[in-house]
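Comments concern the structure below.
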Amino acid sequence: MSRRRLLPREFYARSPEIVAPDLLGKLLTHRRRGEWLTGRILEVEAYLGLTDPASHASIGRTARNAVLFGPPGIAYVYSIYGMHYCLNVSCLPDGEPGGVLFRALAPIEGIESMARLRHLSVEAKPRLLAGGPGRLCQALGISRKERNGVDLTLASSDLQILDDGKVPKAIQVTPRIGIRKAADRPLRFLVVD
DNA sequence: GTGAGGATCGTCT
DNA sequence: GACGATCCTCACA
């Protein structure tokens with residue numbers, strides 16, 4: 001296994017448009033009941049601050065989106081449509097809102113646990129395991145109550161992003177998905193399969 | 001294989 | 001009181 005480096009806070013203290021493509025190929029890992037569930041990041045979307053109508057931060061600071069306005073490198077977990085969770089990480093220095101939404105992972109460690117959490121067999125296709133924001137959180141066992149506000153840059157955290165040195169061969173940029181506002185902006189980044 | 005519609009609730013107005 | 005940064009099922013072709 002190659003060496004893994006925890007991404008420092010400075011990594012996130014940049015514009016989401018820069019951080020998002022940089023996150024592709026990194027390892028997202030979550031410690032659940034003592035077991036590390038890990039996946040390689042395949043797809044992300046950048047959400048800018050006040051100027052991005054699609055961003056939760058565009059309506060101004062509220063109790064719900066406060067994390068986006070805080071320091072960089074913090075997990076922002078929110079529930080959507082009453083039945084799904086989505087995982088983001090805050091970007092830009094303290095006080096400036098912005099973030100990156102994780103949309104898809106390639107499962108690497110803890111695949112059996114992920115399949116169990118998703119109520120699927122271990123033989124299920126990776127895309128079904130963690131392809132899609134809601135699936136991703138379900139597969140890793142992430143809930144808002146437990147994980148919103150967790151610092152991703154601490155070695156003691158249960159939720160981290162690691163760099164094992166691997167870089168995607170090619171990155172594709174497309175408009176964002178599943179939103180109505182500003183859906184035409186090319187802020188979705190994915191690893192070309 | 002593809003597209004329409006239902007599920008379901010925290011959060012903000 | 002209305003509405004999502006979604007996912008899944010079920011028709012129908």
Side-chain angles (χ1 to χ4, degrees), chain A residues 12 15-24 26 28 30 37 39 41-70 72-92 96-107 114-121 123-150 152 159 161 171-191 193:
Chain A
Y12 305 99
S15 166
E17 297 170 86
I18 309 296
V19 176
D22 245 16
L23 280 171
L24 293 176
K26 302 292 189 289
L28 176 63
H30 179 221
L37 306 179
I41 299 167
L42 295 183
E43 184 178 337
V44 294
E45 284 180 8
Y47 284 87
L48 313 181
L50 303 170
T51 59
D52 182 358
S55 169
H56 284 176
S58 67
I59 59 173
R61 184 174 189 147
T62 66
R64 176 204 193 188
N65 64 24
V67 169
L68 293 175
F69 288 78
I74 308 293
Y76 171 50
V77 184
Y78 67 93
S79 64
I80 187 70
Y81 301 113
M83 44 195 342
H84 304 293
Y85 288 107
C86 294
L87 173 66
N88 304 243
V89 59
S90 62
C91 295
L92 294 170
E96 296 180 56
V100 173
L101 166 71
F102 298 97
R103 293 191 52 90
L105 298 180
M114 292 188 198
R116 205 176 316 122
L117 285 164
R118 294 269 303 116
H119 309 292
L120 295 169
S121 85
E123 313 298 327
K125 293 196 164 32
R127 179 167 236 95
L128 283 176
L129 269 182
R135 292 171 180 164
L136 187 154
C137 284
Q138 193 182 0
L140 292 185
I142 293 172
S143 70
R144 170 174 171 80
K145 191 177 174 186
E146 298 171 24
R147 300 305 179 202
N148 191 44
V150 168
L152 299 180
L159 194 55
I161 299 179
I171 291 175
Q172 188 179 357
V173 184
T174 75
R176 292 178 295 188
I177 289 186
I179 55 176
R180 301 176 71 89
K181 304 169 186 171
D184 53 333
R185 294 209 204 173
L187 292 173
R188 173 172 175 248
F189 304 88
L190 54 140
V191 175
D193 197 7

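Each chain gets a letter, A, B and so on, in the order the sequences are listed, and its residues count up from 1. These values consider heavy atoms only, across backbone and side chains, with no hydrogens, waters or symmetry-generated copies.
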(message) Base, sugar-phosphate or nothing for A:Arg144? Non-hydrogen atoms, less than 4.0 Å.
(response) sugar-phosphate
(message) Among A:Leu42, A:Leu140, A:Leu129, which residue satisfies the side-chain contact (heavy atoms from CB on, under 4.5 Å) criterion with A:Leu105?
(response) A:Leu140
(request) With the side chain counted from C-beta on, respond yes when A:Val77 and A:Ser143 share a heavy-atom pair under 4.5 Å apart, and no when they do not. (result) no
(request) Mind calculating the distance between OH (A:Tyr85) and P (B:dC9) to the nearest angstrom? (result) 10 Å
(message) Considering every strand and a 4.0 Å limit on heavy-atom distances, what is the contact class for A:Arg188: base, sugar-phosphate, or nothing?
(response) nothing
(message) Treating A:Glu45 as the side-chain partner and A:Ile177 as the backbone partner, does any N or O pair qualify as donor plus acceptor under 3.5 Å?
(response) yes
(message) What's the separation between atom CG in A:Leu187 and atom CZ in A:Arg176, rounded to the nearest 0.5 Å?
(response) 4.5 Å
(message) Assuming nearest nucleotide by heavy-atom distance, tell me which of A:Ile80 and A:Thr62 is located more 5' along DNA chain B.
(response) A:Ile80
(message) Below the 4.0 Å mark, does B:dG10 have OP1 or OP2 next to a side-chain nitrogen or oxygen of A:Ser79?
(response) no
(request) With the side chain counted from C-beta on, respond yes when A:Tyr47 and A:Val100 share a heavy-atom pair under 4.5 Å apart, and no when they do not. (result) no
(request) Please list, in 5' to 3' order, the outermost nucleotides of DNA chain C lying under 4.0 Å from any heavy atom of chain A. (result) C:dG4 to C:dC8
(request) State, with a plain yes or no, whether a side-chain heavy atom of A:Arg147 is found less than 4.5 Å away from one of A:Tyr85. (result) no
(message) If you define the side chain from C-beta out and look only at heavy atoms, does anything of A:Asn65 sit under 4.5 Å from A:Tyr76?
(response) yes
(request) Ignoring hydrogens and angles, tell me if any N or O in the side chain of A:Arg118 forms a donor-acceptor pair with the backbone of A:Met114 under 3.5 Å. (result) no
(request) Using whole Å, report how far OH of A:Tyr81 lies from P of B:dC12. (result) 16 Å
(message) I'd like to check A:Leu48 versus A:Pro16 (side-chain heavy atoms, cut-off strictly below 4.5 Å). Are they in contact?
(response) yes
(message) Let me spell it out: for each of A:Arg135 and A:Glu45, pick the nucleotide of DNA chain C with the closest heavy atom. Which residue's pick is nearer the 5' end?
(response) A:Glu45
(message) Nearest whole Å is fine: how far is B:dA7 P from A:His84 NE2?
(response) 13 Å
(request) Toss me the dot-bracket line for DNA chain B: Watson-Crick and G-U wobble, both under 3.5 Å, 5' to 3', using | for pairs to another strand and [ ] for crossers. (result) |||||||.||||.
